[in-house]
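Remarks on the structure that follows.
None of these values were measured; they are calculated from a predicted model. Computed from heavy atoms alone, side chains included, the values below leave out hydrogens, waters and symmetry copies. A, B, ... follow the sequence lines: proteins, then strands. Residue 1 opens every chain.
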2 protein chains.
Amino acid sequence: MTVRQDVHSAGIPVLCQSCEARHRGVCGALDPDQLVALSKTSSRYTIEPGAELIGDAETVNSYSNVLSGVVKLTKGLSDGRQQIVGLQFAPDFLGRPFKVESEINAEAATAVSLCSFPKASIERMMRESPELEHRLLKQTLKELDEAREWMVTLGRKTASEKVASFLLMIARNIDPATDPATNSTSFDLPLTRADIADFLGLTIETVSRQLTRLRAEGVIRIENNRHVTVESLSRLERRSGA
Amino acid sequence: MTVRQDVHSAGIPVLCQSCEARHRGVCGALDPDQLVALSKTSSRYTIEPGAELIGDAETVNSYSNVLSGVVKLTKGLSDGRQQIVGLQFAPDFLGRPFKVESEINAEAATAVSLCSFPKASIERMMRESPELEHRLLKQTLKELDEAREWMVTLGRKTASEKVASFLLMIARNIDPATDPATNSTSFDLPLTRADIADFLGLTIETVSRQLTRLRAEGVIRIENNRHVTVESLSRLERRSGA
DNA sequence: CCAATGCCTTGATTTCGGTCAAAGCCTCTT
DNA sequence: AAGAGGCTTTGACCGAAATCAAGGCATTGG
């Protein structure tokens with residue numbers, strides 16, 4: 001069980017054996033000894049789009065790092081209405097410490113690869129390593145900020161502002177090299193129209209109409225229903241309602 | 001600088017000198033020595049309804065415990081539209097560790113009393129006491145759960161479901177002794193109609209009409225525009241959309 | 001006591017987004 | 001290549017909530 005070393009600008013420069021990737025999410029907080037121990041209990045999964053991650057017996061007692069792909073967190077009402085309450089991109093951490101569970105479902109929006117560990121391993125290490133808990137606090141604060149940002153979008157923006165805000169958010173998360181000077185980006189939508197609607201509190205039809213409008217106005221182009229090219233980021237920003 | 005002791009079912013049984021009250025939020029995580037040190041730097045404030053707590057120079061570099069009253073956290077759009085993204089009730093903690101600030105304003109919704117400490121004191125203690133950071137993580141997770149719960153309300157509920165959900169949430173936070181058997185509660189609304197509208201992503205008029213409807217249907221009574229009596233909690237719950 | 005002010009309610013009308021319905025487009029399979 | 005099924009788009013219409021506009025009802029102060 002060797003642990004590969006890697007130079008990292010911030011934090012302890014180590015790689016998780018199972019992930020074979022750098023994790024800002026969790027592993028970066030561990031020292032090499034802990035990492036070796038964790039590697040013994042961790043394993044790597046690949047999940048098909050649409051598969052449930054929580055509610056599923058296999059993974060309910062585990063935490064994971066998202067290595068690639070997008071996971072959607074949803075909450076539903078009894079009559080079937082659904083709302084996406086969060087999207088997890090790599091290298092986000094997935095799973096809820098201390099079982100403060102609030103009936104959230106997690107589902108792979110795209111193909112997803114995960115590095116996951118038994119709940120018990122992480123919880124033990126959290127007790128040993130304050131740095132790990134510190135990372136979790138930071139991630140949780142980040143998620144809280146994102147959630148509040150979306151509350152503004154859900155409560156106060158118009159349909160077209162919502163769609164523009166959504167495209168911007170995806171652009172920022174998918175393509176880390178979005179250059180404001182270029183003023184244009186290109187990426188694959190990780191969500192179907194139905195998912196986008198559930199994320200924005202709209203219907204599929206409204207989402208579709210707003211995308212059509214943005215296309216007609218030359219702000220974006222869409223190929224094969226998935227691949228989006230933003231022709232003018234600044235125009236998209238102007239439409240996102242600040 | 002004596003520190004009063006108090007028997008508490010969970011956690012370390014201590015009282016903050018300045019607060020003279022038990023804090024699940026922060027103080028409960030400290031040992032008596034730390035508490036004495038903190039007491040030396042903490043002070044108690046009373047804030048008038050409508051006063052800004054963040055953005056205000058006096059308190060921008062401090063953390064606080066809410067001792068009584070309700071604080072609203074708001075985010076605004078450039079054109080003036082506003083959304084309340086959280087309500088802090090006693091004994092919630094107020095303030096943002098690690099300056100992950102996301103342009104949130106905090107304002108007293110009612111008269112509020114606070115026990116506040118300089119940012120530096122808390123941050124130093126956080127480094128010394130993992131238990132304190134643990135508490136912060138728990139509070140942050142709680143706030144995240146609440147935020148996500150409201151995302152469902154904002155995105156997927158109708159106006160009348162929103163208002164019913166809001167009344168239930170207030171009832172649960174204001175009156176901790178809400179007994180499901182009794183099926184009725186009574187409390188003062190800590191928010192004006194405008195605040196409720198900003199919380200629910202509605203207009204004042206819609207909020208007013210929905211309250212009128214609930215009154216007409218005998219689910220609630222309202223006196224002096226503030227004092228609400230829920231005649232039937234179960235009927236209110238049924239209207240909240242699960 | 002009577003403005004005046006600030007909330008809150010109510011009514012009339014408009015509009016944005018939802019609903020219903022049909023057709024178009026990919027992708028995958030055979 | 002054709003057909004099937006699943007997304008997506010588009011159109012016509014509808015309805016819930018916003019907007020516009022009075023008016024009511026407390027509290028405050030002259």
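For A:Arg221, the salt bridge (charged side-chain N to carboxylate O under 4.0 Å, His left out) partners two or more places apart in sequence, or in a different chain, are A:Glu223, A:Glu231. With sequence neighbours excluded, no residue forms a side-chain hydrogen bond (donor to acceptor under 3.5 Å, both in side chains) with B:Arg193. Evaluation of the side-chain hydrogen bond (donor to acceptor under 3.5 Å, both in side chains) rule for A:Lys157 yields A:Ser165 as partners, not counting sequence neighbours. Listed by chain and residue number, nothing satisfies the salt bridge (charged side-chain N to carboxylate O under 4.0 Å, His left out) test with B:Glu48 (two or more places apart in sequence, or in another chain). In terms of the salt bridge (charged side-chain N to carboxylate O under 4.0 Å, His left out) criterion, A:Arg209 has no residue partners (sequence neighbours excluded). Considering only residues two or more places apart in sequence or on other chains, A:Thr203 meets the side-chain hydrogen bond (donor to acceptor under 3.5 Å, both in side chains) condition with A:Thr206. A:Ser113 is linked by a side-chain hydrogen bond (donor to acceptor under 3.5 Å, both in side chains) to A:Ser68, counting only residues two or more places apart in sequence or in another chain.
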Once each nucleotide of nucleotides 5-21 of chain D is scored for protein heavy atoms under 4.0 Å, what B/S/- sequence comes out, 5' to 3'? ---SBBBB----SSBB-

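Atom CD of A:Glu217 has more than 12 neighbouring heavy atoms from other residues, nucleotides or ligands inside a 6.0 Å radius.
For residues 198-241 of chain A, the pairs satisfying ring-ring contact (aromatic ring centres under 6.0 Å, His included) are A:Trp150-A:Phe199, A:Phe166-A:Phe199, with sequence neighbours left out.
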Using a 3.5 Å cut-off and no angle test, enumerate the donor-acceptor pairs between side-chain atoms of residues 73-80 of chain A and protein atoms at least two apart in sequence or in another chain.
from	atom 1	to	atom 2	distance (Å)
A:Lys75	NZ	A:Ser102	O	2.7
A:Lys75	NZ	B:Glu149	OE1	3.1
A:Asp79	OD1	A:Arg81	N	3.2
A:Asp79	OD1	A:Arg81	NE	3.2
A:Asp79	OD2	A:Arg81	NE	3.0
A:Asp79	OD2	A:Arg81	NH2	3.0

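Annotation: the terminal axes of the helix from C:dC1-D:dG30 to C:dT30-D:dA1 meet at 30°, where each axis is the rotation carrying the C1' atoms of four end pairs onto the next four (5 pairs per end, rounded to 10°).
In the 5' to 3' direction, nucleotides of DNA chain C lying under 4.0 Å from heavy atoms of chain A begin and end at C:dG17 to C:dC20.
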